[in-house]
Asks: 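Here it is: the structure, laid out below.
Keep in mind that what you see is a predicted model, and the values were worked out from it rather than measured. Start at 1 and go down the list; that is how both ligands and their atoms are numbered.
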Amino acid sequence: MRCAIVHYHELALKGRNRDYFEDRLVHNIQLALSDLGVRQVENLRSRIRVILPSEANYEIIRQRLSRVCGIANFSLADSVPLDLANPNFEALSAAIIEELRTKSYSTFRVTAKRADKRLPLTSTDAERIVGAAIHEQTGKAVRLKDPDITVYLEMLSRDVYFSVEKIPGPGGMPVGVSGKVACLISGGIDSPVASYRMIKRGCRALFVHFSGRPLVSRDSEDKVRDLVQTLTAYLHKSRLYVIPFGEIQREIVLNTPAPFRVVLYRRMMLRITEELARREQCWGLVTGDSLGQVASQTPENLSVVEEAAGLPILRPLIGMDKLEITDDAKRIGTYETSIEPDQDCCKLFTPPHPSTKTRLEELLHVERALDIPRLVKQGVEKAELSEFIFPA
Ligand code: ATP
Ligand code: MG
């Protein structure tokens with residue numbers, strides 16, 4: 001029988017939290033594999049077993065599970081029945097040696113875990129017996145530190161599972177255990193990574209994008225749709241609102257001094273997003289700000305922007321460097337899309353010297369020239385909704 005054996009980090013999980021976490025993870029695994037004929041996903045306490053249909057495409061299963069948040073790692077394993085009273089590892093060793101025939105390696109080790117403590121053999125016994133059998137029949141050397149191949153054994157009540165590879169998952173928490181957040185997503189590198197960081201902490205996501213339309217083309221929107229599609233592989237389901245922001249920007253430009261535009265755009269984006277977020281029961285607003293990266297991200301400007309929103313603003317990248325963020329973007333699969341050229345609405349009418357140290361009183365004074373409630377209403381009313389689902 002072929003299975004996926006899934007592990008999660010359980011240190012932080014206690015009491016009822018743990019049940020909630022595990023039930024959600026089982027459910028999310030079912031959703032991620034729902035179109036692949038997988039019917040059985042069982043919680044065996046401290047590991048989850050997914051029974052795979054024999055016709056399953058393992059490469060796809062691997063890709064899907066590596067995007068289920070909450071999974072620390074997993075292996076695609078075969079099993080051999082285990083007689084508790086008389087554990088005999090001959091069949092097991094033979095099956096492993098068969099599996100190893102296609103691999104190229106010169107050193108190996110065996111790492112065993114015992115879930116059922118009634119088993120008369122300890123995991124160290126199992127490691128030694130199976131290790132000796134492999135060594136005898138293949139002539140390969142055991143090396144505990146840094147071997148070419150590690151054979152993983154999981155001794156459950158009735159079966160032993162073996163595999164030669166542990167595949168990392170995203171870690172974090174299952175999506176759904178941390179409520180929903182509204183993510184402000186541009187076509188850039190940072191905001192998709194910021195969204196991902198919150199998704200990985202268990203949040204569902206509502207995406208909100210401001211397009212310079214009608215003053216610019218739909219390019220940035222197409223990019224954002226691609227990015228949301230990529231991120232939905234971690235979410236199962238998501239919604240995106242695209243807001244044509246060009247007219248609102250024009251009003252800002254006509255009525256306020258140029259150095260304040262960047263901060264005024266941002267404050268307006270937050271207000272419109274907050275309105276949508278409250279309707280959709282989101283508890284926070286997520287941005288891709290990283291301290292000091294651009295004019296809108298100086299300490300002064302971040303504070304002034306923040307003042308416009310009532311909901312908490314979450315900035316998961318605030319302390320990260322561009323290189324760290326870029327590495328994340330490559331790993332989660334958004335980088336290639338993010339670097340495609342587009343016409344970002346923030347670049348519309350941006351002055352050569354934006355204010356980097358905006359003072360709140362001054363800004364509030366400038367903002368009096370705008371009919372804010374009307375502009376927010378206009379943004380919300382023009383918002384265009386799309387829904388995303390994965391697997392489609
Ligand atoms: P990014 O790489 O995410 O575009 P950035 O480094 O370009 O970020 P800014 O342009 O100052 O920085 O944007 C800061 C944050 O404001 C973004 O990460 C995003 O959360 C939000 N934001 C900026 N432009 C838009 C937009 N057009 N639509 C939605 N959110 C936006
Ligand atoms: Mg940007």
Side-chain angles (χ1 to χ4, degrees), residues 181-199 205-213 215-225 227-228 231 240-246 248-249 252 261-277 282 284-302 304-306 308-309 311 313-330 332 334-350 354-356 358 379-380 382-384:
V181 291
C183 302
L184 285 101
I185 187 163
S186 69
I189 296 174
D190 305 337
S191 42
V193 174
S195 309
Y196 170 75
R197 293 230 152 215
M198 297 312 298
I199 293 166
L206 169 74
F207 296 98
V208 180
H209 174 67
F210 293 84
S211 144
R213 192 158 41 96
L215 309 185
V216 300
S217 72
R218 284 178 183 265
D219 289 359
S220 76
E221 296 170 37
D222 294 340
K223 252 177 99 173
V224 166
R225 275 176 218 288
L227 292 168
V228 170
L231 289 168
L240 164 69
Y241 284 104
V242 172
I243 293 146
F245 197 50
I248 297 176
Q249 287 179 284
I252 294 176
R261 277 176 203 163
V262 174
V263 168
L264 290 166
Y265 292 168
R266 286 282 184 287
R267 283 170 64 91
M268 202 50 95
M269 285 183 186
L270 280 185
R271 291 190 181 103
I272 295 168
T273 304
E274 175 159 12
E275 186 67 32
L276 295 168
C282 298
L285 311 179
V286 182
T287 73
D289 294 310
S290 153
L291 186 60
Q293 210 186 76
V294 290
S296 59
Q297 296 166 7
T298 61
E300 293 82 359
N301 286 358
L302 287 173
V304 169
V305 169
E306 175 134 352
L311 287 175
I313 300 194
L314 308 165
R315 297 183 170 108
L317 312 186
I318 196 71
M320 288 173 75
D321 298 342
K322 195 75 186 186
L323 269 181
E324 294 168 320
I325 299 170
T326 304
D327 282 350
D328 267 11
K330 288 180 180 159
I332 64 176
T334 54
Y335 181 76
E336 289 302 323
T337 308
S338 288
I339 58 172
E340 287 168 21
D342 69 359
Q343 289 180 297
D344 183 47
C345 74
C346 300
K347 292 178 200 123
L348 274 180
F349 321 113
T350 37
S355 157
T356 52
T358 310
V380 169
K382 295 215 164 127
E384 298 158 12

Asks: So is Val208 in contact with ligand 1, going by heavy-atom distances below 4.0 Å?
Replies: yes
Asks: Regarding ligand 1, does Ile189 bring an N or O atom to under 3.5 Å of one of the ligand's N or O atoms?
Replies: yes
Asks: Could you see which bit of Asp344 sits under 4.0 Å from ligand 1, with heavy atoms only: side chain, backbone, both or neither?
Replies: side chain
Asks: What do you reckon, does Val286 have a nitrogen or oxygen under 3.5 Å from a nitrogen or oxygen of ligand 1?
Replies: no
Asks: For Thr358 and Asn301, what are the C-alpha separation, side-chain angles and deciding distance, and is it a side-chain hydrogen bond (donor to acceptor under 3.5 Å, both in side chains)?
Replies: CA-CA 6 Å; Thr358 310; Asn301 286 358; 2.8 Å; yes
Asks: Hey, are the side chains of Ile185 and Ser191 touching, using non-hydrogen atoms and a 4.5 Å cut-off?
Replies: yes
Asks: Report, in ascending order of atom number, the atoms of ligand 1 lying under 4.0 Å from any heavy atom of Ile185.
Replies: 28 (N), 29 (C), 30 (N)
Asks: Nearest non-hydrogen contact with atom 15 (C) of ligand 1 belongs to which option: Asp289, Val262, Ile243, Asp342?
Replies: Asp289
Asks: Do Asp289 and Gln297 have a side chain donor and acceptor closer than 3.5 Å?
Replies: yes
Asks: Would you mind running through ligand 1 and noting each atom that sits below 4.0 Å from a heavy atom of Thr287?
Replies: 20 (O)
Asks: State, yes or no, whether a side-chain contact exists between Leu227 and Phe207 at a heavy-atom distance under 4.5 Å.
Replies: no
Asks: Using side-chain hydrogen bond (donor to acceptor under 3.5 Å, both in side chains), reason through Thr356 and Thr298 one step at a time and then give a plain yes or no.
Replies: CA-CA 6 Å; Thr356 52; Thr298 61; 5.7 Å; no
Asks: Just to be sure I read this right, does ligand 1 sit under 4.0 Å from the backbone of Ser191, its side chain, both, or neither, counting only heavy atoms?
Replies: both
Asks: Only heavy atoms of Ser296, strictly under 4.0 Å: list the atoms of ligand 1 that pass.
Replies: 11 (O)
Asks: When you compare ligand 1 with Leu184, is there at least one nitrogen or oxygen pair between them that comes in under 3.5 angstrom?
Replies: yes
Asks: Quick one: are Arg197 and Met320 in side-chain contact, heavy atoms under 4.5 Å?
Replies: yes
Asks: Can you check whether Asp321's main-chain N or O pairs, donor with acceptor, with Glu324's side chain at less than 3.5 Å?
Replies: yes
